[in-house]
Amino acid sequence: MSEKKSAAYSCSVPSSELLSLCRTIYKDVVVAISSLRGTIDAGDFMFVGDDGTDTKRIDLVAEDTVVERLKSYGKSMIIISEECGRIVIGNSPEFAVIVDPLDGTTNAIQNIPFYSLSIAFSSPNLKDIFFGYVANLANGDEFYAETGKGAFMNNQKIVSSTASSIRELTISAYGYRQNTDRTSKICSRVQKLRVLGSVALELCYVAAGKIDAFIDVRMALRLVDIAAGQLIVREAGGIVTDGIGKPLSIPDNHIKPLNLVASNGIIHQEILNLITYPEISCRGDRYYYKGDVKKIAIVSRCDSSAALEMVHHIIGTFSDQVDVYLSSSPARLLGMEERGVTVAQMEELGVDFVISIGGDGTILRNMSKMKDPIPMLGINMGNLGFLADVEPEDAITAIERAISGFMYDERPRLEISLNGKFLGTAINEVVATSAYPAKMMTYEVLVNGKFLNEIRADGIVFATPTGSTAYAMSAGGPIVSPDVDAILIVPIAPFKLSSRPWIIPFDSEITLRLKVPKEIVIVTDGKVVEKSDEIYEKIERAAEAGERSGVHEDEHHLKVTEHDTITIKRARYPGRFVKFSEASFYDAVRQKLG
């Protein structure tokens, strides 16, 4: 297996000068963090970095040190770093410096001597990395490489290992819980497994032949993690690919995630054969939006002057950068009919992401109108805001970041049918409840055709993990992480004490029937299903405009009787939410419900 090497980028600064600069930065960082490493203070949380991960005190000290030294270097350049993101120094940058000031933060905090400084120099567009430097900040081991000139460890030329059998390999392999099956086969067959906690250093040890291969298929690596290390591996005679055998494509920014497999090259294809399989959409996965953002759209609540002012502000700020569309109701109220489109048309127009201004209800209402939802960025101008998690004061900054490239996560939705006819989808929950207040009903519930239980209650909530903090929680159901692939079945005020909540696999098909000659209504994400979409749209438009619809809503609610069968199952297309922070679900639960 072979790789094509691109020609080295032409830079006027000689490699000897770059190496001298890197060594100076190394000494600066060692001094700067000397009093912090191995201390409690080193792990103090400072803020969420520009790449969306937590910045600890020791990270910030290391980065400030590196940036200060690079600014004093006297050259025009672009700095790409984990915490600060992108900094431009001077006019017409000659090159970019891609730096991870401290790779292996946890090791440094615990004073485990395996954490490093990683610096790479590339063309301004980040595509051609021509010099890489990695140094162990604990013991001084130094690695560097220049395109076409080989790789070196402590000034001695290095080459990757000659291992030719899977069984004799020593590897470093990373994988999250939802994709550990990608690495389990190879981990069970190799001689030794090492997970050391500093990607840059581990790649360098592959280059030096001390580790035979490095595998990371978490879709969590970033440009700063691999920029220098991957060049050092290549220059040592190794191979680096994207995890399915394609040449590694260097990201053009610091937030785009990637997979990486690096090896001596001899056994590379055998490794790929063991870890590669057809991609499966997993719960909890995050995805990077690969397209250039050219079109955005705004949906907004219409009963709030603050929300409408925010719409004006966003349009005024970004209309020169991208095409900005506006949903029909706020467009009409603001006199911007030329921007007005329906939510369904947003999909047809190729909108890259939708900004929702309001609370969770605004998101739920508009996402239900999309067959294959566009990623949605929620600006919280409502009450609680579990889904709309960007505060108004951070809105412009968040949108700026999203326009330059964004991560989004996918949350499964429920699909509901009545007697085989599709009724709609729900991102939070489907509720079956009496059509008349305070009337207890008896429901028969089946899962995949098997009888689950007969439940006598005011109603039943069928919720996604996303909706576990909504109606289901109020009805006594558990809070469930979005990473769990499950449907919650929660009785509302059940007659029997034995009628407890159930958690079943999300891929189940639920059948619901009414066992008494009465009527119930179906509610999806807080909206009662109507007899016709046209009636609901009329009611909704009137409500948004603050007017009376002239329609008595109860007369047009779809009523379900004992002769009907309701089916609930996973919807084909998930909801999509623009995200900037890791583990935001747990933060939200603590902040919103604490």
Quick check on the 6.0 Å ring-centre criterion: do [X] and [Y] meet it?
X      : Y      : value
Tyr133 : Tyr144 : no
Tyr408 : Phe577 : no
Phe214 : Tyr174 : yes
Phe353 : Phe406 : yes

Say whether Glu94 and Ser12, considering side chains only, have a donor N or O and an acceptor N or O under 3.5 Å apart. yes
Between Asp216 and Asn259, a side-chain donor and acceptor under 3.5 Å: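 No - no donor-acceptor pair under 3.5 Å links their side chains.
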Salt bridge or not for Asp409 and Lys579, using N-O below 4.0 Å? no
Output every pair passing salt bridge (Lys or Arg N to Asp or Glu O under 4.0 Å) with a member in residues 17-26, not counting sequence neighbours, ordered by first then second residue. Arg23-Glu142
Donor-acceptor pair, distance only, cut-off 3.5 Å: does the side chain of Asp103 make one with the backbone of Val199? yes
I'd like to know if the side chain of Lys295 and the backbone of Leu349 have a donor-acceptor N/O pair within less than 3.5 Å. yes
I need the Glu63 CD to Met46 CE distance, nearest 0.5 Å. 12.0 Å
Could you walk me through whether Asp323 and Arg339 satisfy the salt bridge (charged side-chain N to carboxylate O under 4.0 Å, His left out) test, starting with their C-alpha distance in whole Å, then the side-chain angles of each, then the deciding distance to 0.1 Å, before giving a yes or no? CA-CA 9 Å; Asp323 293 335; Arg339 296 186 183 276; over 6 Å; no
I need the minimum non-hydrogen distance between Ile296 and Val293, along with the two atoms involved. CG2-CG1, 3.9 Å
Determine the minimum heavy-atom distance between Asp360 and Ala388, stating which atoms define it. OD1-N, 3.0 Å
By the definition side-chain hydrogen bond (donor to acceptor under 3.5 Å, both in side chains), identify the one residue from Asp41, Asp44, Thr39 that meets it with Arg57. Asp44
Going by the side chain to side chain contact (heavy atoms under 4.5 Å, CB included) test, name the single residue among Val67, Val61, Leu60 that passes it with Asp64.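 Testing Asp64 for a side chain to side chain contact (heavy atoms under 4.5 Å, CB included) against Val67, Val61, Leu60 leaves exactly one candidate, Leu60.
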So among Leu248, Ile250, Leu223, which one has a side chain to side chain contact (heavy atoms under 4.5 Å, CB included) with Leu258?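 The residue from Leu248, Ile250, Leu223 that satisfies side chain to side chain contact (heavy atoms under 4.5 Å, CB included) with Leu258 turns out to be Leu248.
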Would Arg69 and Asp28 count as a salt bridge (charged side-chain N to carboxylate O under 4.0 Å, His left out) if you check the C-alpha gap in whole Å, the side-chain angles of each, and the deciding distance to 0.1 Å? CA-CA 8 Å; Arg69 176 61 66 179; Asp28 291 344; 2.6 Å; yes
